[in-house]
**Student:** 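Sharing a structure here in structure tokens format.
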Amino acid sequence: MRLFAALFAALMLFATPPAGAQPRPLVWGDTLPATLDMHVVFDVPSQFVLLNAYDGLYRYQGNDLVPWLAESHTVSTDGLTWEFKLRRGVKFHDGSDLTAADVVYSFHRLLALKRAPAAAFTPVLAPENVTAPDAHTVRFVLSQSYGPFLAAMPIVAIVNPRAIAPHVKNNDWGAEWMASNDAGSGAYVVNAGNYQARVALDMQRFPEHFMGWGHNQRPIDQVRSRPVMETSTRVLSLMRGEIDSTDSYLPTDQVERVNRNPRTRVAQDQSMRVFLLRMNNSKAPFNNLDVRLCFAHAFNYEGFNEIILKGLVVRNAGPNPNNLWGNPAGMQPYKFDLALARQHCDRARAAGVPLNREIEIHVQTELEQTVQAAQMFQADLRRVGVNLKIVPNTFAGIVTATAQATTTPDMWVHWVSAYFIDPENWVGQMYDSRFHGTWKASSWYTNPEVDRLLTRARNSVVQAERQELYAAATAIIFRESPDIWVYNTVNLRGLTRRVQGYSFSPVGSGGELRLMSLSE
Amino acid sequence: MRKLLRDPVASLGLAIVLFALVVAAFAPWLAPYPEDAFESHLLQRLKPPSAEFPFGTDYLGRDILSRIILGTRNAIAVAVAVVGASMLIGVPMGLLAGWRDNWVSDVLMRVTDVFLAVPQLILALALGQLMSPGLGTAMLALSLTYWPFFTRTVYAETRRLRGALFVDALAGIGATPTRILLLHVLPNAAPAVLVRATIGMGFTILTAAILGFLGVGAAPPSPDWGLAVAEARQHLPESWWFATFPGLAILLLVLGFNLLGDGLRDVADPRLRRSR
Amino acid sequence: MSDMLPDPPERQALLSVRDLAVHIRTDAGLARILDGVSFDLPPGGTLGVVGESGCGKSTLLRAILGILPKGAMVPSGQVLFQGEDILRKPVRGRIGFIPQDPFRSLNPVFRAGDQLLEGMRRHAPGTRDDHRKKLISLFNAVQLPDAHNALDKYPHEFSGGQRQRLLIAAALACDPDLVVADEPTTALDVTTQREILALLRGLTAERNMALLFVTHDFGVLSAVCEDVAVLYAGRVAELGPTGNVLADPRHPYARMLLACHPDRATDLIGIPGTVPAATAQPPGCRFHPRCPIARPSCARSVPEAVRIFDGSRVACPFHADALPEVALV
Amino acid sequence: MARFILRRVLLALPALLGLVLLTFVLTRVIPADPAAMLAGDAATPAQVAEIRTRYGLDQPMWRQAVTHVRQVLTGDLGSSIFTGRPVAEEIGFRLPATLELTFVARFLSVVLGVPLGLVAALDHNGPVDQIVRLLSVGGLAIAGFWLAIMLQLLFCMEWELLPLRGRIDVALGVPPGFSGLYLLDSLLAGRLDLFVDALRHLVLPAVTLCLPGLASIARFTRSGVLETLQKDFVLYARAAGYSPFRLATIYVLRNAVTVTVTQVGLLFGALISGAVAVEAIFDWPGLGTYAVQAILAADYKALLAVTLVVGVVYAVVNVLVDVAQALVDPRVAEQMK
């Protein structure tokens with residue numbers, strides 16, 4: 001008993017961390033990607049590693065694409081040959097120089113592994129067509145003109161072949177080693193010894209980074225990434241100062257509270273992440289336009305956006321984010337109108353569309369908002385006589401199911417984030433039937449005219465022409481209402497107030513550490 | 001029964017279980033807002049407990065008391081289904097394995113061991129992903145992991161009873177093994193099975209709640225209690241009532257079944273009864 | 001309301017039980033296990049207590065040893081040991097105990113020594129080493145084979161007879177003035193039984209220890225005890241010198257008991273009816289529902305103890321009456 | 001004793017093999033397609049198909065099963081198809097976290113449960129007994145995840161006394177050491193500050209997790225003590241003059257704990273399962289969260305390995321339990337000979 005009392009006293013004594021210790025490192029509480037190999041993963045969390053440990057030829061700063069490892073580029077008039085001039089004096093973390101050969105190696109590796117980030121390139125780029133005419137020039141010859149080529153350039157991490165070479169096994173391009181190690185040139189160096197997949201990633205500043213540190217008077221030296229799994233724990237850990245940042249999906253309910261806390265704030269930035277409810281257009285009842293219009297008018301956009309999400313999102317009329325080019329002028333979003341919805345549904349019923357069966361809507365259980373949206377929709381649809389059944393699922397499960405039209409659920413709820421800033425990322429890959437079988441194109445929408453317009457837009461390199469083509473395609477798609485587009489995300493990231501210099505970009509959700517500093 | 005009622009703790013359990021059964025049976029009439037099983041009322045979301053909403057409202061503005069009342073049905077239905085299915089698998093296997101010592105018995109018991117060695121919740125989670133997650137899947141997963149307990153119970157009882165004099169006597173007058181097992185051994189094993197089933201009800205409600213909490217159990221808008229706690233998490237600590245009351249409901253009902261099971265065990269097992 | 005007054009203290013009694021009643025509250029009601037039991041045991045004396053199962057023998061022992069079960073009440077009476085009331089304050093060490101079942105009386109998970117030395121540690125002077133030496137010498141005295149290593153063995157490594165020897169040695173370890181033995185030989189086979197009894201008798205006589213010996217075996221009784229008390233339903237039916245009681249029992253119960261099984265009265269086959277439950281003792285003489293010579297008065301008042309010629313006391317006013325023949329078949 | 005242990009180990013093997021096969025079948029019928037997961041967000045169907053071939057996922061199920069069993073038997077758990085890292089290595093990081101948590105939780109259950117059971121038995125049917133009974137039944141009735149949240153609500157949010165998540169304060173770093181058990185490592189390194197911090201992080205998850213075990217152990221100890229108290233040898237020991245305290249704590253308890261020891265083992269599997277929700281809530285980087293992540297990511301390699309490891313831990317603990325039982329009760333060893 002005395003022992004217990006002593007123990008308790010000791011615990012209380014240490015209840016407040018000892019003051020005057022060395023400055024607390026930045027603790028990043030966002031989700032970590034599955035692996036550190038940037039040629040293997042390509043999703044929202046992977047951007048954190050991509051932006052900080054690696055560099056690409058170009059990079060997004062805000063909504064703008066700026067030259068990064070490349071100084072400049074040229075493109076031939078037919079849009080097939082692209083040449084990038086590299087900066088001089090760029091060093092990898094091991095001190096070796098970054099040359100054109102390393103860029104070529106990186107693209108070869110990417111195209112050989114054929115994993116997610118390669119998807120934007122494989123249709124138009126063969127490995128042998130990436131070459132280095134000299135030590136500071138990289139040449140790409142595409143098999144077909146490809147408009148979004150430059151926009152997709154920041155996806156590709158340039159890796160150090162000399163770091164990888166000793167670890168190559170069975171012709172795997174060093175994939176096993178790269179999963180937990182760093183072969184980059186980025187502003188931060190991964191401490192591979194402490195790395196635990198999805199649990200802990202420690203990084204320290206790379207003083208020799210080619211962009212220099214002149215822009216930042218007090219750069220952060222030590223960064224520890226500690227993903228917090230549960231949303232509520234994440235928010236509370238932030239408010240108690242255990243972590244310095246949440247993920248960028250901070251629940252809107254928490255915004256006020258985080259802002260009220262003297263230690264924390266919420267960074268709010270309009271992003272490019274479209275929230276939508278999908279419909280499987282290949283099957284009854286959603287192969288009927290009236291049904292789709294009925295559903296589009298039965299969603300309480302204002303209630304969801306303004307009350308549940310407290311107005312921290314922006315109503316988005318179509319598949320492309322509002323704040324991106326390529327939208328037709330004057331597109332008026334669908335309105336919540338149950339009377340109109342009922343008319344459409346009645347007309348569909350009269351035409352013999354089976355609307356009496358339960359319609360399944362798959363939600364991502366771990367993402368609360370998808371559940372809330374479905375529940376609200378369910379309640380409203382009951383008033384027009386439609387039964388919605390909510391099926392909990394995971395992103396993995398849904399991705400698998402959407403590989404075939406027959407296994408794709410009636411409906412499902414998700415976001416389309418900014419992987420690169422180009423309408424191709426949204427409307428292009430979502431409604432061109434050539435992408436059927438990928439989750440982005442999972443509404444199985446087919447319209448030859450739209451296919452034609454989107455292909456032309458993809459293959460053009462003339463901005464004005466592309467703008468027009470995407471707008472024309474979007475206008476058609478909007479009228480046919482294949483999905484229910486709800487809002488464009490305002491990125492909400494909780495931060496401790498000691499984090500300074502946080503600067504948002506839709507790609508990477510503002511996770512670029514190079515720009516940040518800590519005030520004490 | 002009288003013995004059970006004389007035990008204050010067990011009668012408390014019985015009272016809770018009976019209360020829950022009544023609530024489940026008349027849920028739509030007892031709930032102040034029965035339509036809150038499906039409806040949402042966004043304007044009154046996350047209201048603290050008041051006279052209008054004794055347990056407050058949840059994140060879609062639904063009355064938590066109503067949803068707890070409506071959820072009782074779910075909880076009990078799951079428990080009954082899972083325990084029933086587990087008994088259907090487990091009891092015959094236990095009888096079969098316990099009757100003779102041969103390879104059939106060995107195989108059956110080894111299979112049981114395998115299922116017992118499987119980390120239960122992980123198996124349930126994996127199975128929860130097997131088909132689309134939902135209450136049905138959760139029930140299947142729970143039944144698949146719970147039957148070995150019945151097998152073990154019945155196995156032990158059968159082995160104990162097969163050596164009993166009356167079994168020898170029955171065999172002597174030419175009763176078939178099936179007849180002996182079903183008409184004589186099974187009724188004698190029934191008290192042990194009953195105790196196991198009662199405790200299993202509580203256990204199942206608890207595990208189903210965990211599955212609901214982890215997102216592979218009941219699906220929204222089901223007024224499932226575990227699901228409600230999960231939904232409530234991101235509204236803590238402000239909306240404490242949202243997590244607290246559904247959790248208390250789980251606690252109370254499981255407690256009821258466990259107390260009842262505890263009391264039944266004392267009544268059923270004369271060896272332990274002596275020590276009570 | 002004692003049915004048997006104690007003797008005038010001719011000899012200074014070592015153990016004097018006076019008007020002892022023990023009641024236990026049970027689910028079925030109040031069980032009056034013992035009622036008004038009185039007897040004396042002089043130093044060095046040997047008293048046998050006989051009776052069927054359920055007549056209160058064990059409870060009597062437990063009262064003397066101070067280990068009555070939880071919930072037992074003593075509404076009246078005293079147990080004086082060397083003049084001290086040991087019901088209020090049990091004595092340890094000065095009373096040795098030999099339990100009924102050597103198999104179950106040792107904790108299987110401890111070595112023999114750990115268990116037997118514990119009592120000495122608390123109640124006998126000297127160091128642990130002294131205790132060990134003394135126990136080993138006692139083991140030799142009780143003819144336990146391999147006495148030297150016995151302390152380090154586990155109970156399951158001894159045979160039944162060996163275990164009983166072990167326990168006899170343990171009972172003597174603190175040099176008690178009284179040894180209480182609870183049917184110490186029933187669990188053993190006949191040969192072993194005889195040896196153990198002889199040993200016990202010899203050892204107690206040699207050390208001038210009094211012996212209180214509970215049994216339901218008349219044969220054992222005559223071999224060991226000077227005096228005998230016959231218990232029925234929590235009361236002493238008859239008390240007197242063993243030889244006399246066995247040769248000429250006066251209480252109807254004792255007479256029938258001995259008539260059935262002259263030397264092995266293990267149960268009451270032949271006596272109609274059953275021993276009453278302790279919770280439902282009949283009024284008056286507790287034997288009267290089964291007694292062949294019972295009269296109406298027997299059901300009304302508790303019979304007074306009657307002293308007869310040889311010093312025996314009999315709790316039956318009609319002890320001189322003949323029993324009908326049929327009752328003695 | 002060695003033969004006895006060997007026999008127990010051999011008995012556990014078929015169950016483990018069965019477990020390997022069972023989990024294989026179960027994990028492979030999860031409809032989420034690992035190949036699709038691997039290929040990632042922007043993959044084309046052709047890319048997915050190629051990955052399926054590369055990982056042998058297009059082979060018939062039985063063939064995959066044979067390959068899998070062969071790999072497991074040679075000690076190769078494979079690489080996580082999600083993170084691309086060797087599963088054994090990943091589990092190597094995670095297992096100590098779970099073991100530390102479960103051991104501390106189990107330790108708490110025993111040191112609190114045994115005395116509770118004892119006092120309940122000694123006050124048989126008295127008020128203390130009834131209270132302990134209510135508590136122990138209640139302990140089994142409480143939903144761990146809910147209790148965890150309530151504890152967080154009070155100790156972390158309202159009173160801010162204890163940390164909310166994780167094993168150790170991020171700023172302090174990881175204690176140097178080989179075992180991965182932070183309490184042990186920090187003590188060995190002489191870092192009291194780390195030890196205290198790790199302990200503070202352990203308090204709430206361990207308390208949450210110890211409760212069901214505590215309840216069962218209290219129950220089993222109680223009935224074990226009650227049963228032992230009825231034994232003749234207790235009567236004899238009382239007559240021989242044991243002090244009541246010594247009688248209760250040593251003489252009786254040692255017999256009673258044989259049952260309890262078995263329970264400790266049987267409950268160990270449940271404990272690891274129970275850790276799943278608790279780990280998720282306290283963000284404890286252990287096997288439970290690993291399993292959940294593996295399930296969500298359709299990472300069947302990882303899931304197989306987790307189930308196998310948990311099965312092995314379960315089997316090992318059961319062997320240890322048998323050994324412990326043999327040590328407590330010499331008759332058990334006797335029977336096993």
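Within every chain, numbering begins at 1; the chains are lettered A, B, ... in the order of the sequence lines, protein sequences first and strands thereafter.
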**Student:** Looking only at heavy atoms, what is the nearest atom pair of B:L206 and D:L140, with distance?
**Tutor:**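 Shortest heavy-atom separation between B:L206 and D:L140 comes out as CD2-O, 3.4 Å.
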**Student:** Please report the closest heavy-atom contact between D:F145 and B:I250, naming both atoms and the distance.
**Tutor:**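 Scanning both residues completely, I find the closest heavy atoms to be CZ-CD1, 4.1 Å.
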**Student:** With a 4.5 Å cut-off on heavy-atom pairs, point out which of B:L12, B:I199, B:V229, B:L253 contacts chain D the most.
**Tutor:**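 The residue among B:L12, B:I199, B:V229, B:L253 with the greatest pair count is B:V229.
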**Student:** Which bit of D:A291 comes within less than 4.5 Å of chain B, counting heavy atoms only: side chain, backbone, both or neither?
**Tutor:**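 For D:A291, the side chain is the part near chain B, not the backbone.
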**Student:** Heavy-atom cut-off 4.5 Å, strictly under: side chain, backbone, both or neither for D:L147 against chain B?
**Tutor:**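 For D:L147, no heavy atom lies under 4.5 Å from chain B.
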**Student:** Out of B:L255, B:T244, B:L259, return the one with the most heavy atom pairs under 4.5 angstrom to chain D.
**Tutor:**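 Heavy-atom pairs under 4.5 Å are most numerous for B:T244.
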**Student:** For residues 103-111 of chain B, dump all side-chain donor-acceptor pairs below 3.5 Å to protein atoms at least two apart in sequence or in another chain.
**Tutor:**
from	atom 1	to	atom 2	distance (Å)
B:S105	OG	B:A97	O	2.9
B:R110	NE	B:D113	OD2	3.2
B:R110	NH2	B:D113	OD2	3.2

**Student:** Side chain, backbone, both or neither: which part of B:L214 has an atom under 4.5 Å from a heavy atom of chain D?
**Tutor:**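 Contact with chain D is through the side chain of B:L214 alone.
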**Student:** Let's test your reading of the structure: which of D:L134, D:V292, D:I142 forms the most heavy-atom pairs below 4.5 Å with chain B?
**Tutor:**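 Most heavy-atom pairs under 4.5 Å with chain B: D:I142.
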